[in-house]
Amino acid sequence: MSEIRQAEYDTVIIGGGVAALWTANVLKNAGQSILVLTNAPLGDGQSLAAQGVIHGGLKYAVGGKLTDSSEALAAMPGRWLAAMRGEGPVDLSDARLLCDHQVMWSLPSVMSQVVSFFGSKALRGRSASIARENYPAVFDSPDYKGKLFRVDEPVVDPVSIIKALARGVAAETYLIAWGKNASISSKNGSVDSIHLTEDKGESIEVRADHYVLAAGAGNGGILSEIGIASPAMQLRPLHQLIIRKRGLPDFFSVCVGTGPKPPLVSTTHVDSEGRTIWYIGGDIAEQEGVARTEAEQIMAGKALFAKLLPWVDLSDAEWFTWRGNRAEPLTGTGDRPSGAYCETVGNVLIAWPTKLALAPDLADKVLQETGNSSGAKSPPLVLAHPPPGKAPWDLP
């Protein structure tokens, strides 16, 4: 029987999405020896299915009050834009900025409320009214009677973000299969080691000072394996709409309605064949949308567009949907926590960013908990590196 090789690291990060990869870059930049393990293509799931909006919290504050959620998000656009300039511990200079702002528009019934809100002192410097002659093509119609506001919340391309983040930690990131070539050994709610079998059959016992669970919905099964009952995980499902048609104009927007959530949030992307995609979230993708079949959700989407934007011709567009789950720590209300979440249990850090935009905040919290390098070094593993995942509109 061959001897089991030992490998030691400061921190092992489990996950392959934006949260895991952003955190890995920050820890590596701080001098830590890291290992990133993922059982799926990079970005698979929540990260590549994100709309790419780097929220600054304004959509949560349209009621006139800057909430905990809006305050937690306020600094995030600046953090992301700095990374996209190549500044700081995370280099996203190769990633694509799809748009440097969103357009906020409203239903006629809430127009006065929105105008008053955007005129408030709290919003100065974070938004501006758009003159009619500067309306984007989607709203350049005499049939649109409302006002438009520019909201300085950028929209990034999740596919290029994943590739840029992966590049910074490519040598430390490996593809594994739990139950096949990877297993966790735990004791009293802490991780004792991770056992890996390399491609050539050699056994590796991985030990680290800290183990970060940043696998999104995958955290649930790992927590159960380790024997950690709290914090628990909750899943909030989504049923997003995808509209595909060559030549669609850019549509980066948030629609303000009468409820606490926007009835429609839209972003624009391009698929692998060069066709334009409108990716639709907001209230339509949540509770009632989740309960609908794909055909019912498409019918609801067409009805919503006919009501809100009847001048936009989508008669020859393709419509389909994407279902997924947002994974978060369990809350008493079932709502999303206000900020990034990181809790330490033994030597395990359980992490959820709760929103794409909060990945930098989460990485800061993990770095604060894990500290400096211990000097642990291990040679590269003989395992495959994970491929990049695909956006929902490029899936089979």
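Taking 4.0 Å as the cut-off between side-chain N and carboxylate O, Arg275 and Glu273 count as a salt-bridged pair. The existence of a salt bridge linking Arg167 and Asp91 is excluded, since no basic side-chain nitrogen approaches an acidic carboxylate oxygen closer than 4.0 Å. With salt bridges taken as basic N to acidic carboxylate O contacts below 4.0 Å, none links Lys200 and Glu202. Salt-bridge formation is not detected for the pair Glu3/Arg5: no Lys NZ or Arg NE/NH1/NH2 atom is positioned less than 4.0 Å from an Asp or Glu carboxylate oxygen. Between Arg150 and Asp152 there is a salt bridge, with a side-chain nitrogen of the basic residue lying less than 4.0 Å from a carboxylate oxygen of the acidic one. Ion pair Asp364/Arg79 flagged as a salt bridge, since at least one NZ, NE, NH1 or NH2 atom sits closer than 4.0 Å to an Asp/Glu carboxylate oxygen.
The CH2 atom of Trp22 lies 11.0 Å from the CG atom of Leu358; values are rounded to the nearest 0.5 Å. In this structure, CG in Leu37 is found 6.0 Å from CG in Leu196, a value given to the nearest 0.5 Å. In this structure, Ile34 CD1 and Asn29 CG are separated by 10.5 Å, a value rounded to the nearest 0.5 Å. A distance of 3.5 Å separates OG in Ser33 from CG in Asp10, rounded to the nearest 0.5 Å. In this structure, CD in Glu343 is found 11.5 Å from NZ in Lys365, a value given to the nearest 0.5 Å. Rounded to the nearest 0.5 angstrom, Leu362 CG and Lys355 NZ are separated by 14.5 Å.
Judged purely by distance below 3.5 Å, without hydrogens or angles, the side chains of Glu225 and Ser186 never pair a donor atom with an acceptor atom. Under the 3.5 Å distance criterion, with hydrogens and angles disregarded, a donor-acceptor pair is assigned to the side chains of Ser266 and Ser253. Residues Glu369 and Thr344 bring a donor and an acceptor atom of their side chains to less than 3.5 Å of each other. Checked by atom type, the side-chain pair Thr321/His239 shows a donor-acceptor distance below 3.5 Å. A donor-acceptor contact closer than 3.5 angstrom is absent between the side chains of Tyr135 and Glu133. A donor and an acceptor atom, one from each side chain of Ser378 and Glu8, are nowhere located under 3.5 Å apart. A donor and an acceptor atom, one from each side chain of Ser193 and His195, are nowhere located under 3.5 Å apart.
Counting heavy atoms from C-beta on, the side chains of Leu175 and His385 never come closer than 4.5 Å. With contacts defined as side-chain heavy-atom distances shorter than 4.5 Å, the pair Ile204/Thr197 does not qualify. The shortest side-chain heavy-atom distance between Asp209 and Thr370 does not fall under the 4.5 Å cut-off. Contact check for Gln102 versus Val265: side-chain heavy atoms found under the 4.5 Å cut-off. For the pair Asp100 and Val155, the minimum side-chain heavy-atom distance is 4.5 Å or more. For the pair Val312/Phe305, no side-chain contact is recorded, criterion being any heavy-atom separation below 4.5 Å from C-beta on. In this structure the side chain of Pro262 never reaches within 4.5 angstrom of the side chain of Cys255, judged on heavy atoms. Using a 4.5 Å heavy-atom threshold, the side chains of Asn134 and Arg132 count as separate.
You'll find the ring centres of Phe252 and His101 outside the 6.0 Å limit.
Remark: side-chain polar atoms of Glu328 are not paired, donor with acceptor, to backbone N or O of Pro353 under 3.5 angstrom. Listed for the Thr38 side chain is a donor-acceptor partner under 3.5 Å among the backbone atoms of Ala40. Judged by distance alone, with hydrogens and angles left aside, the side-chain atoms of Gln240 form no donor-acceptor pair with the main-chain N or O of Gly282 at under 3.5 Å. Remark: side-chain polar atoms of Trp311 are paired, donor with acceptor, to backbone N or O of Val138 under 3.5 angstrom. Although no hydrogens or angles enter the test, the distance criterion places a donor-acceptor pair under 3.5 Å between the side chain of Ser160 and the main chain of Asp157. The backbone N or O of Asp313 sits less than 3.5 Å from a side-chain atom of Lys245, completing a donor-acceptor pair. In this structure a side-chain-to-backbone donor-acceptor pair under 3.5 Å is missing from Tyr9 to His210. Judged by distance alone, the side chain of Ser183 and the main-chain N or O of Gly179 form no donor-acceptor pair under 3.5 Å. With Gln51 contributing its side chain and Tyr279 its backbone, the two residues share a donor-acceptor pair below 3.5 Å. Judged by distance alone, the side chain of Glu153 and the main-chain N or O of Gly56 form a donor-acceptor pair under 3.5 Å.
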Take Arg326 and Glu286 through the salt bridge (charged side-chain N to carboxylate O under 4.0 Å, His left out) test and state the conclusion after the steps.
-> CA-CA 11 Å; Arg326 295 162 293 183; Glu286 301 202 19; 3.5 Å; yes

Take Val12 and Val206 through the test side-chain contact (heavy atoms from CB on, under 4.5 Å) and record every step on the way to the result.
-> CA-CA 9 Å; Val12 171; Val206 171; 3.8 Å; yes

Go through Val212 and Thr11 one step at a time and tell me if the side-chain contact (heavy atoms from CB on, under 4.5 Å) criterion holds.
-> CA-CA 7 Å; Val212 179; Thr11 304; 3.6 Å; yes

For the pair Trp278 and Trp393, evaluate ring-ring contact (aromatic ring centres under 6.0 Å, His included) and give the outcome as yes or no after the intermediate values.
-> CA-CA 10 Å; Trp278 280 358; Trp393 43 87; over 10 Å; no

Taking it one step at a time, do Val26 and Val90 satisfy side-chain contact (heavy atoms from CB on, under 4.5 Å)?
-> CA-CA 6 Å; Val26 168; Val90 174; 3.7 Å; yes

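In Asn188, the CG atom is not crowded: 12 or fewer heavy atoms of neighbouring residues, nucleotides or ligands sit closer than 6.0 Å. No more than 12 heavy atoms of other residues, nucleotides or ligands lie within 6.0 Å of CD in Glu288, so this atom counts as exposed by the packing criterion. Around CD of Glu87, the count of heavy atoms belonging to other residues, nucleotides or ligands within 6.0 Å exceeds 12.
Residues Ile284 and Gly301 approach most closely at CD1-CA, 3.7 Å, considering heavy atoms. Between Ala217 and Met233 the shortest heavy-atom distance is O-CE, 3.3 Å. Minimum interatomic distance between Pro237 and Val290 (heavy atoms only, all atoms of both residues): O-CG2, 3.4 Å. Closest approach of Asn219 to Ile350, counting heavy atoms only: ND2-CG2, 4.3 Å. Across all their heavy atoms, Ser373 and Gly31 have their closest contact at CB-O, 3.1 Å. Here the closest heavy-atom approach between residue Leu213 and residue Leu223 is recorded as CD1-CD2, 3.6 Å.
When the side chains of ILVMFWY residues are joined at heavy-atom separations under 4.5 Å, either directly or via intervening members, Val270 and Ile242 end up in two distinct hydrophobic clusters. If you chain together hydrophobic residues whose side chains sit under 4.5 Å apart, Met76 and Val366 fall into the same group. Linking Ile, Leu, Val, Met, Phe, Trp and Tyr residues whenever their side-chain heavy atoms come within less than 4.5 Å leaves Leu165 and Val53 in two separate clusters. Residues Leu42 and Tyr174 fall into different hydrophobic clusters, defined by Ile, Leu, Val, Met, Phe, Trp and Tyr side chains chained together at heavy-atom separations under 4.5 Å. When hydrophobic clusters are built by joining Ile, Leu, Val, Met, Phe, Trp and Tyr residues whose side-chain heavy atoms come closer than 4.5 Å, directly or via intermediates, Ile130 is grouped together with Leu264.
Exactly one residue among Ile194, Leu349, Ile14 makes a side-chain contact (heavy atoms from CB on, under 4.5 Å) with Tyr211. That residue is Ile194.
In this pair, Phe251 and Trp105 present their aromatic rings tilted. The plane angle is within the 30 to 60° band.
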